[in-house]
Amino acid sequence: MREVWVDGSEASVHELADALAGALAGAGTVLPLDAHDPQAGSVRAAMRPGEPVEDATTAIVPTSGSTGPAKGVLLSAHALTSSARATHARLGGPGRWLLATPAHYIGGIQVLVRSLLAGTRPAVLDLSAGFRPDEFAAAARPVLRGTGPRYTSLVPTQLTRILDAGGPALEAARAFDAIVVGGAATPAPLRRRAADAGLTVVSAYGMSETASGCVYDGTPLEGVGVHLEPYGDGAGEGGDGDTSSDAACDTGGVPGRIALSGDVLAHGYRADPTATSAAFSGGRFHTSDLGRFRADGRLDVLGRADDVVNTGGVKVPPALVERALLDHPGVDQACAVGIPDAEWGEIVVAAIVPTDPAGPPASEALAELARAAGGRTAVPKRIHVLDSFPELGPGKVDRSALRSTLTRPAGTGRERRA
């Protein structure tokens with residue numbers, strides 16, 4: 001097992017790219033590690049570097065730990081290259097890439113794999129000092145000067161900063177044939193804003209266990225199956241049975257637990273047969289996310305099943321509340337969580353980051369948006385105004401930390417009653 005410590009610099013990224021090239025050719029297994037992560041030592045230990053590696057493993061990608069201790073996802077060369085080829089087929093063929101996200105996460109790893117298959121070397125945005133729009137514009141120049149399709153991948157926060165900055169960064173973003181946005185859900189207002197600015201944005205859903213994004217704009221990549229399986233305590237909570245996007249069926253918007261199939265799947269977790277058997281069975285990876293099929297057959301991801309708020313016996317997916325709040329032009333970010341309550345079991349509580357910190361939107365207007373989207377039970381009992389959200393991984397809100405913040409006694413911060 002070859003460990004590669006990535007610090008965001010171009011040199012460390014190229015070291016990882018070279019290691020991946022060797023591993024894809026059969027020369028060992030790569031373990032990318034975040035040199036800036038204070039927990040990197042414990043993550044490395046959890047990957048059991050001194051023990052034999054599972055068969056057919058090209059890369060071990062540690063998860064972000066957003067749902068518990070980090071797990072090592074076992075990815076084969078076949079899974080990695082299947083994902084890369086399917087991505088190029090969807091976007092418009094092999095092309096040149098700008099790596100603008102951390103290379104040790106699966107999204108960054110796939111930019112390297114796609115470039116290797118295309119026979120190109122990606123341009124690298126040095127992230128050792130963080131993301132800056134002006135540096136994005138400079139890093140994009142060699143890619144945009146080249147021939148053929150030009151691509152990059154961003155997280156929603158980076159896309160927002162480019163739009164806010166305008167100027168050279170926005171001009172560079174406009175020149176890409178596709179910008180794949182993943183790592184976290186892309187809010188509809190952000191998609192509209194990017195489209196209005198002339199950017200070609202593709203929203204990706206996927207994870208390390210699927211070798212990166214495998215559903216683009218609600219439609220699975222070639223060779224990928226999307227299935228909805230029942231969840232909850234009984235009928236009516238997750239549908240009558242399995243449904244699949246392969247049949248382009250309309251489930252009437254009934255949510256279910258998302259399962260994914262195809263050649264892009266990992267083959268398990270590092271040194272954890274129990275977790276492997278629980279997540280991978282029947283040729284599918286059983287996610288912890290809820291989704292529903294729209295009438296046109298596209299997948300609508302509703303967030304993690306564990307995050308669903310059971311308030312008075314009514315289940316409210318936080319994503320519905322968050323999307324509603326984000327429809328207000330005065331809301332830059334939104335997150336909804338369930339807070340324990342003696343009367344209701346749980347109540348919906350929300351937090352927003354306003355676009356104008358000096359003038360957050362009125363709670364009544366936000367409550368009406370939530371009511372229109374999900375009914376009376378979707379209206380947050382409290383709405384907190386924050387300067388920023390805690391993050392876990394690139395662009396992912398740390399819901400556990402945020403929930404702890406929102407359970408503080410009422411009246412101890414900027415808070416609105418809905």
Quiz item: Is it true that a side-chain atom of His104 and a backbone atom of Leu33 form a donor plus acceptor pair closer than 3.5 Å?
Solution: no

Quiz item: CZ of Phe136 to CZ of Arg141: how many Å apart, nearest 0.5 Å?
Solution: 11.5 Å

Quiz item: If you take all heavy atoms of Ala84 and Leu117, which pair is closest and at what distance?
Solution: CB-CD1, 3.6 Å

Quiz prompt | Ala173 versus Ile179, closest heavy-atom pair with distance | solution = O-CD1, 3.6 Å

Quiz item: So, do Val6 and Glu15 sit near enough that their side-chain heavy atoms are less than 4.5 Å apart?
Solution: no

Quiz item: How far does CD1 of Ile60 sit from CD of Glu54, to the nearest 0.5 angstrom?
Solution: 6.5 Å

Exercise. Write down the atom of Gly95, the atom of Thr120, and the distance for their closest heavy-atom approach.
Key: O-OG1, 3.7 Å

Quiz prompt | Residue pair Val353 / Phe389, side-chain heavy-atom distance below 4.5 Å | solution = yes

Practice problem: State yes or no: are the ring centers of Tyr216 and Tyr205 separated by less than 6.0 Å? | Solution: no

Exercise. Answer yes or no: is there a donor N or O on one side and an acceptor on the other, between the side chain of Ser76 and the main chain of Ala79, under 3.5 Å?
Key: yes

Exercise. Determine whether Ser203 and Arg191 make a side-chain contact, defined as any pair of heavy atoms from C-beta on separated by less than 4.5 Å.
Key: yes

Quiz prompt | Gap separating the CD1 atom of Ile258 from the CZ atom of Arg292, nearest 0.5 angstrom | solution = 11.5 Å

Exercise. Could you please spell out the steps behind the side chain to side chain contact (heavy atoms under 4.5 Å, CB included) verdict for Thr377 and Val348?
Key: CA-CA 8 Å; Thr377 55; Val348 178; over 6 Å; no

Exercise. Output all residues satisfying salt bridge (Lys or Arg N to Asp or Glu O under 4.0 Å) with Arg371, sequence neighbours left out; order by chain, then residue number.
Key: Glu368

Self-check item: Reported OG1-to-CD distance for the pair Thr355 and Gln333, which is rounded to 0.5 angstrom
Solution: 11.5 Å

Quiz item: Is there a donor-acceptor contact under 3.5 Å from the side chain of His286 to the main chain of Ser281?
Solution: yes

Quiz prompt | Arg161 and Asp134: CA distance, side-chain angles, deciding distance, salt bridge (charged side-chain N to carboxylate O under 4.0 Å, His left out) verdict | solution = CA-CA 10 Å; Arg161 291 179 183 174; Asp134 56 339; over 6 Å; no

Practice problem: Apply side chain to side chain contact (heavy atoms under 4.5 Å, CB included) to the pair Thr58 and Leu24, showing each step before the final yes or no. | Solution: CA-CA 6 Å; Thr58 294; Leu24 288 171; 4.0 Å; yes

Exercise. Run the numbers on Val264 and Leu80 for side chain to side chain contact (heavy atoms under 4.5 Å, CB included), then give the verdict.
Key: CA-CA 7 Å; Val264 301; Leu80 290 166; over 6 Å; no

Quiz item: If we only count heavy atoms from C-beta on, is the Leu320 to Leu302 side-chain gap below 4.5 Å?
Solution: yes

Quiz item: Is there a donor-acceptor contact under 3.5 Å from the side chain of Gln158 to the main chain of Ala100?
Solution: yes

Exercise. Give a yes or no on whether Trp344 atom CH2 has more than 12 heavy-atom contacts from other residues, nucleotides or ligands under 6.0 Å away.
Key: no

Self-check item: Atom pair CD (Gln39) and CG (Asp34), whose distance is rounded to the nearest 0.5 Å
Solution: 11.0 Å

Exercise. Any chance you could lay out the side chain to side chain contact (heavy atoms under 4.5 Å, CB included) test for Asp300 and Phe293, step after step, and finish with the verdict?
Key: CA-CA 6 Å; Asp300 188 15; Phe293 290 131; over 6 Å; no

Practice problem: Kindly give the heavy-atom pair with the smallest separation between Ala334 and Leu325, and that separation in Å. | Solution: CB-CB, 3.9 Å

Self-check item: Main-chain N/O of Ser400 paired to Ser404 side chain as donor or acceptor, under 3.5 Å
Solution: yes

Quiz item: Quick one: are Glu51 and Arg270 in side-chain contact, heavy atoms under 4.5 Å?
Solution: yes

Self-check item: Any side-chain heavy-atom pair of Leu221 and Val215 under 4.5 Å
Solution: no

Quiz item: Does Asp263 pair with Arg85 as a salt bridge, N-O distance under 4.0 Å?
Solution: no

Quiz item: Hey, does the side chain of Thr276 reach the backbone of Gly268 with a donor-acceptor pair shorter than 3.5 angstrom?
Solution: no

Practice problem: Assess whether side chain to side chain donor-acceptor pair (under 3.5 Å) is satisfied between Thr287 and Arg257, documenting all intermediate values. | Solution: CA-CA 7 Å; Thr287 78; Arg257 190 183 296 269; over 6 Å; no

Self-check item: Thr57 side-chain N/O to Val53 backbone N/O, donor-acceptor pair under 3.5 Å
Solution: no

Quiz item: Checking Glu222 side chain against Ala86 main chain: does a donor-acceptor pair fall under 3.5 Å?
Solution: no

Quiz item: Nearest heavy-atom pair of Gly93 and Tyr151: which atoms, and what distance?
Solution: O-OH, 2.7 Å

Quiz item: Rounded to the nearest 0.5 Å, how far apart are CG of Asn310 and CD of Glu346?
Solution: 6.5 Å

Quiz item: Which heavy atom of Pro94 sits nearest a heavy atom of Pro149, and at what distance?
Solution: O-CD, 3.6 Å

Self-check item: Main-chain N/O of Val337 paired with Arg399 side-chain donor or acceptor, under 3.5 Å
Solution: no

Exercise. Just do the salt bridge (charged side-chain N to carboxylate O under 4.0 Å, His left out) check on Arg121 and Asp18 with the steps written out, would you?
Key: CA-CA 10 Å; Arg121 198 164 183 86; Asp18 291 341; 3.6 Å; yes

Quiz item: Side-chain contact, heavy-atom cut-off 4.5 Å: Val331 with Pro354?
Solution: no

Exercise. Under the salt bridge (charged side-chain N to carboxylate O under 4.0 Å, His left out) rule, what do Arg298 and Asp217 come out as? Steps first, then yes or no, please.
Key: CA-CA 8 Å; Arg298 292 176 182 265; Asp217 288 336; 5.5 Å; no

Quiz item: Taking the side chain from Arg174 and the backbone from Leu199, do they hold a donor-acceptor pair closer than 3.5 Å?
Solution: no

Exercise. State, with a plain yes or no, whether a side-chain heavy atom of Pro32 is found less than 4.5 Å away from one of Ile109.
Key: yes

Quiz item: Between Glu229 and Arg284, does a salt bridge (charged side-chain N to carboxylate O under 4.0 Å, His left out) hold up when you go through it step by step?
Solution: CA-CA 11 Å; Glu229 300 174 339; Arg284 297 179 180 180; 3.0 Å; yes

